[in-house]
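Here the structure comes first, spelled out in structure tokens, and everything after it is commentary.
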Amino acid sequence: MEKTLKVRKSSELYRKINALKLTPAAREQALATLEIAENYASKAVWLFGKIRQIGAAAPAGRVAVGAKLKHQ
């Protein structure tokens with residue numbers, strides 16, 4: 001079957017989509033949906049990395065949100 005979309009990388013999911021014997025339109029839609037899911041996943045990984053960087057850069061003596069302050 002001829003590929004209708006250029007995919008970034010080959011994976012088991014792409015092979016399974018190809019094995020389904022879908023119509024060209026349905027195959028294109030399935031591959032587009034997979035591309036969207038991969039995009040969301042990569043953005044989530046990027047976001048979690050940024051959150052980790054912010055956490056590592058925060059001063060150690062700061063009080064966490066929701067923590068009770070001790071009266072001096």
Side-chain angles (χ1 to χ4, degrees):
M1 180 180 284
E2 181 179 324
K3 291 188 177 184
T4 55
L5 290 177
K6 293 181 181 178
V7 293
R8 284 187 272 159
K9 55 188 171 184
S10 179
S11 71
E12 186 64 26
L13 288 175
Y14 291 109
R15 286 188 288 281
K16 286 181 179 183
I17 288 172
N18 289 334
L20 290 175
K21 310 286 188 212
L22 300 172
T23 64
R27 182 179 180 278
E28 185 175 333
Q29 184 176 2
L31 289 175
T33 303
L34 184 57
E35 288 286 332
I36 291 168
E38 287 180 343
N39 190 16
Y40 282 137
S42 67
K43 287 181 186 222
V45 168
W46 176 85
L47 179 61
F48 291 135
K50 289 297 180 185
I51 291 170
R52 177 179 272 174
Q53 287 176 352
I54 291 169
R62 296 191 65 171
V63 176
V65 174
K68 293 184 179 181
L69 297 175
K70 295 181 181 179
H71 293 287
Q72 295 183 1

Worksheet item: Which residues pass the side chain to side chain contact (heavy atoms under 4.5 Å, CB included) test with Lys50, sequence neighbours left out?
Response: Trp46, Gln53
Worksheet item: Residues two or more places apart in sequence or in another chain: which of them pass side chain to side chain contact (heavy atoms under 4.5 Å, CB included) with Ala37?
Response: none
Worksheet entry | In one Ile/Leu/Val/Met/Phe/Trp/Tyr side-chain cluster, 4.5 Å: Ile51, Val45 | no
Item to complete: Say whether Leu20 and Leu13 are linked into one hydrophobic cluster, either directly or through other cluster members, by side-chain heavy-atom distances under 4.5 angstrom.
Response: yes
Worksheet, complete the sentence: On a heavy-atom basis, the closest approach of Asn18 and Arg27 is OD1-NH2, 2.7 Å
Discussion item. What's the separation between atom CD in Glu28 and atom OG1 in Thr33, rounded to the nearest 0.5 Å?
Written reply: 10.5 Å
Practice prompt. Quick one: pull up CD in Glu12 and CD1 in Ile17 and give me the separation to the nearest 0.5 Å.
Written response: 11.0 Å
